[in-house]
Protein chains: 2
Amino acid sequence: MRFLLKRFSFAVMKAGKITLSSIAADLNVSKTLVSLVLNGKADAAAINKETQQRVIARAKELNYKPNQVARGLRMGQTNTLGLLVADISNPFYARITRTIEHIAEAEGYSLIVCSSDESENREKHLIKMLLERQVDGIIMTTTMQQAEILKQIIPPHYPLVLFDRYLNGFDSHYVGVDNEQATQNAVKYLLDLGHRNIGFLTLTPGYISTLHDRQQGFLEAFKAYNLDIDTSHLLQVDYAKLKNKDYNQIKQFLAETPQITALFATNNNLALACLNAAMELGRRIPDELSLITFDDVECFQYTAPAISCIAQPLEKIGEVAVNLVLQQIKKEKTEPKKVVLQTKIIYRDSTCCKN
Amino acid sequence: MRFLLKRFSFAVMKAGKITLSSIAADLNVSKTLVSLVLNGKADAAAINKETQQRVIARAKELNYKPNQVARGLRMGQTNTLGLLVADISNPFYARITRTIEHIAEAEGYSLIVCSSDESENREKHLIKMLLERQVDGIIMTTTMQQAEILKQIIPPHYPLVLFDRYLNGFDSHYVGVDNEQATQNAVKYLLDLGHRNIGFLTLTPGYISTLHDRQQGFLEAFKAYNLDIDTSHLLQVDYAKLKNKDYNQIKQFLAETPQITALFATNNNLALACLNAAMELGRRIPDELSLITFDDVECFQYTAPAISCIAQPLEKIGEVAVNLVLQQIKKEKTEPKKVVLQTKIIYRDSTCCKN
DNA sequence: CTGAAAGCGCTAACAA
DNA sequence: TTGTTAGCGCTTTCAG
């Protein structure tokens, strides 16, 4: 009786739900059989061709969709990757995401995408979430200051790759560029153009490796030329304000340091902000003020003037990142690999000789 | 013996895995108890305060992370949303994604993000994938021409919202703007400036509702002014080529129709391409050629000249989209709602009177 | 106040 | 060649 009741309620409740069992019941075969056939393991199991056909036909007919959640639970693998960036609406990350998505998808992986918003707390929270969701690996830009939290939160041999930013004391796979060298080259280029009073615009939080290294590169360039740096030429802009299009900090800076003839911006948002500020202050670029920035975005070639910049190989970064994580998942254990890619200075119209 | 073997391998394999049962075993209580406590249902179940404390303490100590895949399977709900866009690297989608992500996250939902690449096949494939992954709802821009495929593939009352583009014959929730009206207004503005030979640049595939409606708006504007349209002023650019920065089609078009004094571009990529083509051909904007485009992206205010455009309320679109899908998930059943938001023409320097 | 047991949909040993 | 069964980790009746 109990049994019957169960069968009954099962049948009733499941109206419409097509599962392995429902197909099996329908065909009077076992779940195993259906599973084997639908996973292409039928031949290996030497299952009757004719039976195979019946199963396949019925599955198609019923529009069967395997429940990947159940599958994931059973197999201990979700075929999902976590992608954690600072801000998905930043073209820098959006373009890398695109590449990662494509490669991942080709390998059967989906992406759970999230933005940390440059907040350590959010990042911590999001990583936990990804881990709870049993993603098979994580690709991320960290905004952490200390390796500790990450070490605590991420299991020892978990498939992980940091990109763009590294974290001292956290020995994981990584892909990015040599920010210090790239910046140094760009600043030397400004120096070679005759500029001596060069402003350096960076962001909060300043401890982020890319920002830190770029600043280091800036200092190194001066040192290499035996030049002193006026620290009043360094400005750290508040990230939230920048996101909010509040450029007052920059305008004030430009107004207060009229001796500056060239500007180095540490990222694309900052460069656009400079353009805006200079425009409002009536400082002509490049005649009165040269500008060069880290990161290339499409529109830099169409701005007035076109903006000189340091371009990172975005596609390549995405490609390496996803491949590194996939390799770890496939247990191709390797030492944490650090991949450093080449940047390229793109000379456009926002930079010229000091006159 | 058999039993022992199993226990053994179990113990070995599970080394380190913290689960509900492992905690329960550890504490000599039942899984139920632990589950209840960890889900905040302990008080409702009137569980001993002291026991609760023990459970919570141990869970924290062991750094327990609930397996959301198991939870999802059991509860028939994954707290995951599918977001399907044409191209995540397009700032238009990236910015909407940002808003959606934030609201979804606040409600406890994660996002699986994917790009259809304007391919019907990819779209079909991705929707199937999302459904198999048991996402609780889907937010998408469709690139389908016919409603049929979507109807076949998506279950009748599945939580779904289309945004940006609608699909005739597919009666779902929707949020977007009045593309026809917006375009008509913008074109009338060009007409009012004295332009009569206006080029219209659109994309493949042309059947997409937004593109279609924009073209319709273009035609309507002329009709309203009792003006004839020279169909040689309409150009449909190949999407793949555009993505690929191959602007020859546009350059050729501009070269062959020198009588054109103003251009309407149906999206941001096209506008940038026009800028590029005009530059290479030495056609000065706006003096020789006015340009207005659908969609605003940040850099349009910094280009030379700054580009006039029709701005869509991106944040609002994202917000409405995610809320609509969340409502459906929460079974707040409503008739498929169509939300049409306001656009705004932003007048910048790329448009001027015909001289 | 607490526990046993069933079962979400699937895979994979093992049996037959 | 096919079926039985156990179990992935969790929630939730239902019994005590």
Side-chain angles (χ1 to χ4, degrees), chain A residues 2-3 5-7 9-10 13-14 16-25 27-55 59 62 64-79 131-134, chain B residues 1-3 5-7 9-11 13-14 17-25 27-55 59 64-79 131-134:
Chain A
R2 174 101 177 273
F3 177 73
L5 235 149
K6 229 166 222 170
R7 290 281 288 178
S9 79
F10 184 81
M13 289 184 55
K14 297 292 124 192
K17 270 249 151 195
I18 312 298
T19 70
L20 266 196
S21 331
S22 80
I23 295 183
L27 254 35
N28 260 312
V29 296
S30 74
K31 293 193 298 180
T32 313
L33 207 235
V34 180
S35 171
L36 254 21
V37 172
L38 263 22
N39 286 310
K41 298 180 182 169
D43 284 334
I47 286 170
N48 200 322
K49 284 285 177 201
E50 187 260 349
T51 319
Q52 292 192 35
Q53 287 315 316
R54 272 171 56 222
V55 172
L62 295 173
Y64 169 70
K65 285 191 203 53
N67 181 329
Q68 298 295 355
V69 172
R71 201 161 198 268
L73 176 61
R74 172 63 230 233
M75 315 247 299
Q77 169 166 336
T78 54
N79 284 287
L131 256 17
E132 289 186 355
R133 285 174 184 280
Q134 314 294 121
Chain B
M1 178 55 195
R2 168 104 178 270
F3 177 72
L5 236 150
K6 233 173 217 160
R7 289 280 288 177
S9 79
F10 183 82
M13 290 183 53
K14 296 293 122 192
K17 270 250 150 195
I18 313 297
T19 70
L20 266 196
S21 330
S22 80
I23 296 183
L27 256 32
N28 261 311
V29 296
S30 73
K31 293 194 297 180
T32 314
L33 205 245
V34 181
S35 170
L36 254 21
V37 171
L38 263 23
N39 286 310
K41 297 181 183 168
D43 284 334
I47 285 169
N48 200 322
K49 283 285 178 202
E50 188 261 349
T51 319
Q52 292 192 34
Q53 287 314 317
R54 273 172 58 223
V55 172
Y64 169 69
K65 285 192 204 53
N67 182 328
Q68 298 295 355
V69 172
R71 201 161 198 269
L73 177 60
R74 172 64 229 233
M75 316 248 295
Q77 170 168 335
T78 54
N79 284 288
L131 257 16
E132 289 186 355
R133 285 174 184 279
Q134 314 294 121

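This one's a predicted model, so the numbers in the text were calculated from it and none came from an experiment.
One end of the helix from C:dC1-D:dG16 to C:dA16-D:dT1 points its axis 50° away from the other end's axis, with each axis taken from 5 pairs and the angle rounded to 10°.
B:Asn48 places a side-chain N or O within 3.5 Å of a backbone atom of B:Glu50 that can act as its donor or acceptor partner.
Pairing each heavy atom of A:Lys31 with each of A:Ala24, the nearest pair is N-CB, 3.7 Å. Across every non-hydrogen atom of B:Arg133 and A:Thr78, the tightest pair is NH1-O, 3.1 Å.
Nearest nucleotide to the B:Leu33 side chain, out of C:dC1, D:dT2, C:dG3: C:dG3. Residue B:Asn67 places its side chain closer to D:dG9 than to any other of D:dT11, D:dT4, D:dG9. When each of D:dT4, D:dT1, D:dC10 is scored by its nearest atom to the side-chain atoms of A:Ser30, the top-ranked nucleotide is D:dT4.
A:Tyr64 has a side-chain polar atom (N or O) that falls below the 4.0 Å cut-off from OP1 or OP2 of C:dC10. Distances shown here put a side-chain N or O of B:Ser35 below 4.0 Å from the OP1 or OP2 atom of D:dT11. Contact check, B:Arg71 against D:dT11: a side-chain N or O comes under 4.0 Å of OP1 or OP2. In this model, the phosphate group of C:dC1 is not approached by any side-chain N or O of B:Thr51 to a distance below 4.0 Å at OP1 or OP2. Contact between the side-chain N/O atoms of B:Thr19 and the OP1/OP2 oxygens of D:dG9 is not found at any separation under 4.0 Å.
Atom-to-atom distance recorded for B:Ile47:CD1 and B:Leu36:CG is 4.5 Å, nearest 0.5 angstrom. Of the inter-residue distances, the one linking A:Asn67 atom CG with A:Lys17 atom NZ reads 6.5 Å to the nearest 0.5 angstrom. Going from atom CD1 of A:Ile18 over to atom CG of A:Leu62 covers 4.5 Å, rounded to the nearest 0.5 Å.
Contact annotation: side chain of B:Thr32 to base of D:dT12, donor-acceptor pair present below 3.5 Å.
Nearer to the 5' terminus of DNA chain C, by closest-nucleotide assignment, is the contact made by B:Ala45 (compared with the other of B:Leu73 and B:Ala45). Residue-to-nucleotide proximity on DNA chain C shows that, of B:Lys31 and A:Ala70, the 5′-proximal contact is made by B:Lys31.
Considering only heavy atoms from C-beta on, B:Arg54 comes within 4.5 Å of B:Thr51 through its side chain. B:Lys49 has its side chain within reach of B:Asp43: a pair of non-hydrogen atoms, C-beta onward, lies under 4.5 Å apart.
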Quiz prompt | Intermediate values then yes/no, side chain to side chain contact (heavy atoms under 4.5 Å, CB included), A:Leu38 and A:Leu20 | solution = CA-CA 9 Å; A:Leu38 263 22; A:Leu20 266 196; 4.2 Å; yes
Exercise. Could you give me the CA-CA distance, side-chain angles and deciding distance for B:Asn79 and B:Gln68, then say whether side chain to side chain contact (heavy atoms under 4.5 Å, CB included) is met?
Key: CA-CA 9 Å; B:Asn79 284 288; B:Gln68 298 295 355; 5.8 Å; no
Set out, line by line, the N/O atom pairs under 3.5 Å between protein and nucleotides 14-16 of chain D.
none

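As judged by a 4.0 angstrom heavy-atom cut-off over every strand, A:Val69 is placed among residues making no nucleic acid contact. Residue B:Asp43 is classed as having no contact, given no heavy-atom separation below 4.0 Å to the nucleic acid. When heavy atoms are screened at a 4.0 angstrom cut-off, B:Lys41 is found touching the sugar-phosphate backbone but no base atom.
To the nearest angstrom, C1' of D:dT11 lies 4 Å from CZ of B:Arg74.
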